[in-house]
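Chain A is the first sequence line, chain B the second, and so forth, proteins listed ahead of strands; every chain is numbered from 1.
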Amino acid sequence: CGFKLREAPNFAFRTLAMPDSSAYLKQLKRAIEVTGTLTTLPMTQANDAEAIFDMLGESRDQVVLSTNSAGQVREMQLFLKVRFKVRTPAGKEIIPPSEITQFRDITYNETAALAKENEVALLYRDMTTDVVQQTVRRLAAAKSL
Amino acid sequence: QSPQTDPTDPLTGPLQLRSTPQLAEDVPRGLRGLLPSFITGDKISGQPDLGTVVEGNAVVRRGDTVIHADRLEYYQPTDTARATGNVRVNLAGNVYEGPALQLKLETYQGFFDNVRYRFLINGGHGEASRVDFVDQNVAIAHNASYTTCRREDFPGWTPDWVLNAASIQTDKEEDIGVAKDARMTFMGVTTPPLPSISFPLSGARKSGWLPPIIGLDNTNGFELNMPYYWNIAPNRDATVTPTIMSKRGINLGTEFRYLESTYSGEARVDYMPEDQLRNMDRWGVWARHQQTFDAKWLGLDSLGASININRVSDNDYWSDFSHTPSPTQRLLSSDATLNWARGDWYGKVSALSYQTLQAADSIIVPPYDRVPQLTANYDKFALPGGFDFSFNADYTRFRGDPALQRLLYPGLPDQPDGERMFGVLSLSRPFLTPGTFVIPKVMLNGTAYQFDESYYGATSATRVLPTFSLDSGLIFERDTSFFGRRFTQTLEPRAFYTYTPFKDQSNLPVYDSAQNDFNFATVYTENVYSGYDRIADNNMATVGLTSRLIDPDTGAEAVRLGVAQRIRFRDQQVTLPGQAPITDRLSDILLGAQVNWTPKWSTDGTVQYNPDTRESSRTTLGARYSPGPYRYLSAAYRYQQDSTVYANDGNRSVDVSWQWPLNDLWGDSGKDLGPGRGEGGNRWYAVGRLNYSLDDNKLTDGIVGLEYDACCWIGRVVLERLTTGQATANTRLMFQLEFVGFAAVGTSPLRSLRQNIRGYTPLRQDYPSPSRFTQYD
């Protein structure tokens, strides 16, 4: 019913200079290269790129959602917030400072703290994957240089 | 034919605004004397280079200084202006009015009699018998009054609060005012004289007293909390909070934060000598430190260290002192870690230990300490042939508490402390296109244990297991519209298969393993256990389908719906101690939905449904509505079954939190004064959070409050109730009065509001000072 396999998005720029100093940026770089329609450049070649991806921050946050009457934590929420903007080498903003947030709930049990530490890492990887996919769509939605 | 436009031609090119040094916020010191003076008036007489007399509507203007008066004499050799009759001076936005002034225009030295003044940065104003201008930044007002309450235009107006002082010295550069021999009057009530009191002149962070909190508490008695904020440097600050509790004594809280180019951190230390509640000294330490080192001389790309310390004096600390910084209040972790990276290698050396706060009616079996842990990892992506390779190695020594561990696994032999080493090799070949992915992967996991004492008749154990997995998915898209909005709709089927052969692991200890939650991240992984003590034997697949609605203009996700289920082709024999083998062919069904229709609205829910019992083993439903600053509503329901019949880790709770202006109810929606400045005067705000446990039929955590914003002061009443055990709870009523523009703006004085209510926006926060050009005349 009208569905067809996703095609490589059309970006308003052909080369994008970006850092690759974190797991998010490494995955983003890979997801961009898979499209075949946009090439990434290291930041050292920023002036040769049509657009520059500026990482403005990545923050992780953990909030207690519920405790029982004995003060034991039973559920937490994990937040991943990524902020970035895209500009031309001349400084014109293509995508203004934008924020993509993901959150996940996780049950908690003090005795299993070490196991939960591994599970939290798994959930952050999962959120990173989602944020990467949304970033690629955000980049593709920018229509003009 | 379109007209030719040349961007460099001022006639045909587009108009462009350019900045000019003449409009700089601050006039540089050396430049001040060089600026020309403009003098206007009805009648001007005088001698060039000596003196000028202006009569009628006289104005002298130089740089950021303007003087209006009926009569003005300017004597050039001494650069002195003398003004009389309806004098009004605007010094870089600060306005002084009175009958007579004498001022040197370059050095700003002079005096003014019977003055009314008004400061630009915070709207503070007052009157004085005389103001002495010492230099460009410093002025001293004698017999002065000061308030930030806005002057109303009716006779008999008095400000809600006013400070009367023998002298008030203001320093514009330091942004600080110091009042000597001062009395504060609030609503007709006057304090005894205070010898000296300082206050900030701007909305920026400044040293000073934060608004005190007065509390009534069933455990602490009468409570007075007087935080002092010390802005040591732009990258360093401290807050010292003495708290007097009538039933217990004095608690001293200190908080110190620092930020340097290679290191940063914060430390909070609370100390209460001779707490009468428990007849002992009480203390708590919560500290974090991060540092990066120059790693080149070691041949590394990066080397960093982090230290976290969370430690308190005794088991009852969490219930006697609420809102300590550790999110898990009864489990406090301390660790030190050294992280390194070199090329495709990275790893760490760390030590972690826990302090578990025990209570007689709810013992917590503590997790194992890792003293130490060493890891090394190697990742190489896009090898020839398109392969990804990774290697992870870990050595850990686990230290536990066998006596308490016994409670967890009754009837089983005591788990000894021990060392564990493991290495995982994994090789995958991703086939990726924008619309498809297929990722076959093989892994080999080798693990070796060395026990301190014999466990199941052995002092060591090894395990080698291979795992194969195949992850694949398709992404379909179409353009569509719902409720008049255009969307890109996706349909994303995903299938994941994994196989691991069976190896009996019942004689291996459990140091860091537990069953993962069942969610959309964990169903697509090779092992149902987190940690490395159990590798589940699997021959199973996960199938799932996700559909999203994406705004094509922004790429933002408006709706996401997902469903997933596991299909087991063989029983799972590897279990945690005390668990029965898993024989179901079909797992629970996982359903998830998230709707962010507009940035204001978001709702989400997940349900884990068991088709056999026709019950949900886990449900979460939540909704948030946040249409603007100071307006936030959220509600959530959470249910989680006990993981086993013996475990007490289930939970059923309802959680609501809010911040909302009550004036909205009668149609008074306030004014947006910009971030950190509230919505105008005479407004009430309701704030709160209620966390209710349906299992215990108890309010485990409740805080409700009212805030009143009178523009130049804010009043707060907050009622807080924290459950600290099956039959005990702390209830506290707190009051706070904040004189805006008088108390310092620092770390949030009412910590609980921010900590509890995620969407809470403080009514006043740091904000940039207004420009002098907003007061131009």
Side-chain angles (χ1 to χ4, degrees), chain A residues 1-9 26 30-31 33-37 62-77 98 100 103-119 121-123 125-127 129-130 134-143, chain B residues 318-319 327-331 333 354 356 359 361-362 364-368 408 432-436 474-478 480 490-491 511-514 516-517 519 521-522 525 530-531 550 552-555 557 620 636 638 640 649 651 653 655 691 693 695-696 698 700-701 723-726 758:
Chain A
C1 33
F3 281 108
K4 56 178 193 277
L5 267 185
R6 183 180 178 204
E7 287 162 4
K26 284 194 173 87
R30 183 161 216 177
E33 277 161 4
V34 163
T35 63
T37 49
Q62 206 165 334
V63 203
V64 171
L65 287 182
S66 61
T67 47
N68 67 10
S69 61
Q72 288 160 295
V73 174
R74 283 294 162 258
E75 196 139 5
M76 292 210 198
Q77 200 158 50
S98 303
I100 298 178
F103 64 90
R104 299 283 187 273
D105 293 355
I106 180 171
T107 65
Y108 194 80
N109 177 356
E110 278 78 3
T111 303
L114 294 179
K116 287 296 167 187
E117 193 182 288
N118 287 310
E119 205 177 329
L122 170 72
L123 290 176
R125 283 200 295 278
D126 186 53
M127 285 191 265
T129 306
D130 264 354
Q134 287 195 38
T135 312
V136 173
R137 291 191 184 274
R138 186 78 187 83
L139 292 175
K143 280 295 169 252
Chain B
W318 69 276
S319 59
T328 50
Q329 36 183 344
R330 290 186 58 193
L331 184 72
S333 68
Y354 287 102
T356 313
D361 59 353
S362 61
I364 295 176
V365 178
Y368 278 84
L408 202 57
L432 308 171
T433 73
T436 59
L474 301 168
I475 303 167
F476 295 102
E477 282 186 354
R478 69 168 181 181
T480 182
T490 71
L491 203 58
Y511 291 140
D512 69 352
S513 280
N516 279 328
D517 281 354
N519 59 39
T522 58
T525 54
S530 67
I550 293 155
D553 297 325
T554 63
E557 211 173 85
T620 63
R638 298 192 175 82
Q640 176 199 340
D649 55 2
N651 171 48
S653 65
D655 188 65
N691 192 322
S693 165
D695 281 343
D696 300 335
K698 268 202 181 75
T700 50
D701 204 342
T723 304
T724 53
Q726 290 295 338
R758 199 179 157 73

Q) Residues in ring pair (Phe, Tyr, Trp, His ring centres under 6.0 Å) with B/Y368, at least two apart? A) B/Y511

Q | Which portion of A/M76 sits near chain B, non-hydrogen atoms under 4.5 angstrom | A | side chain

Q. So, the side chain of A/E110 versus the backbone of B/T328: is there a donor-acceptor pair under 3.5 Å, distance only?
A. no

Q. Quick one: what part of A/R104 sits under 4.5 Å from any heavy atom of chain B, side chain, backbone, both or neither?
A. side chain

Q: Output the option from A/K116, A/E75, A/Q62 having the highest count of non-hydrogen pairs under 4.5 Å with chain B.
A: A/E75

Q.
Between A/S69 and B/T723 (side chain of the first, backbone of the second, donor and acceptor by atom type, cut-off under 3.5 Å), is there such a pair?
A. no

Q. Looking at A/N109, A/D130, A/T37, A/V136, which makes the most heavy-atom pairs under 4.5 Å with chain B?
A. A/D130

Q: Between chain A and each of B/L432, B/D655, B/T554, B/D695, count heavy-atom pairs under 4.5 Å; write down the option with the most.
A: B/T554

**Q.** Between A/I100, A/T135, A/L65, A/T129, the one whose heavy-atom pairs under 4.5 Å with chain B are most numerous
**A.** A/L65

(Q) If we ignore hydrogens and angles and just use 3.5 Å, is the side chain of A/R137 paired with the main-chain N or O of B/E557 as donor and acceptor? (A) no

Q | Top contributor to chain A contacts, counting heavy-atom pairs under 4.5 Å, from B/Y354, B/W318, B/F476 | A | B/F476

Q. Donor-acceptor pair, A/N68 side chain versus B/N651 backbone, under 3.5 Å?
A. no

Q | Residue A/L139 versus chain B: region with a heavy atom under 4.5 Å | A | neither

**Q.** Residue among B/S333, B/S362, B/P434 with most heavy-atom pairs under 4.5 Å to chain A
**A.** B/P434

Q. What is the minimum heavy-atom distance between A/L122 and B/N516, and which atoms define it?
A. CD2-ND2, 4.4 Å

Q | Top of A/T35, A/V63, A/D105 for chain B proximity - count of heavy-atom pairs under 4.5 angstrom | A | A/D105

Q) Which bit of B/S319 comes within less than 4.5 Å of chain A, counting heavy atoms only: side chain, backbone, both or neither? A) neither

Q: Please flag which part of A/V64 lies under 4.5 Å from any non-hydrogen atom of chain B: side chain, backbone, both or neither.
A: both

(Q) For the OG1 atom of B/T620 and the CD atom of A/Q77, what is their distance to the nearest 0.5 Å? (A) 9.0 Å

Q. Which atoms of B/D361 come close to chain A, meaning under 4.5 Å heavy atom to heavy atom: side chain ones, backbone ones, both, or neither?
A. neither

Q: Identify which part of B/T525 has an atom lying under 4.5 Å from any heavy atom of chain A, answering side chain, backbone, both or neither.
A: side chain

Q. Hey, which of A/T111, A/I106, A/D126 has the most heavy atom pairs under 4.5 Å with chain B?
A. A/T111

(Q) Show the nearest heavy-atom pair for residues A/A115 and B/S513, with the distance to one decimal. (A) CB-C, 3.7 Å

Q. To the nearest 0.5 Å, what is the distance between CG (B/L474) and CZ (A/R6)?
A. 13.0 Å

Q: Side chain from CB out, backbone as N, CA, C, O: work out which of these in B/I550 comes under 4.5 Å of a heavy atom of chain A, or both, or neither.
A: side chain

Q: Can you tell which part of B/T724 gets under 4.5 Å to a heavy atom of chain A, answering side chain, backbone, both or neither?
A: backbone

Q. Checking B/P552 against chain A: side chain, backbone, both or neither under 4.5 Å from a heavy atom?
A. backbone

Q) Any idea which of A/R125, A/E119, A/R138 has the most non-hydrogen atom pairs under 4.5 angstrom with chain B? A) A/E119

Q) Given the options B/Q640, B/R638, B/K698, B/Q329, which has more heavy-atom pairs under 4.5 Å with chain A than any of the others? A) B/R638

Q: Taking B/D517 for its side chain and A/T107 for its backbone only, find out whether a donor-acceptor pair lies under 3.5 Å.
A: yes

Q. Can you check whether B/N519 reaches A/L123 side chain to side chain, under 4.5 Å on heavy atoms?
A. yes

Q: Report yes if some heavy atom in the side chain of A/Y108 is under 4.5 Å from a heavy atom in the side chain of B/L331; otherwise report no.
A: yes

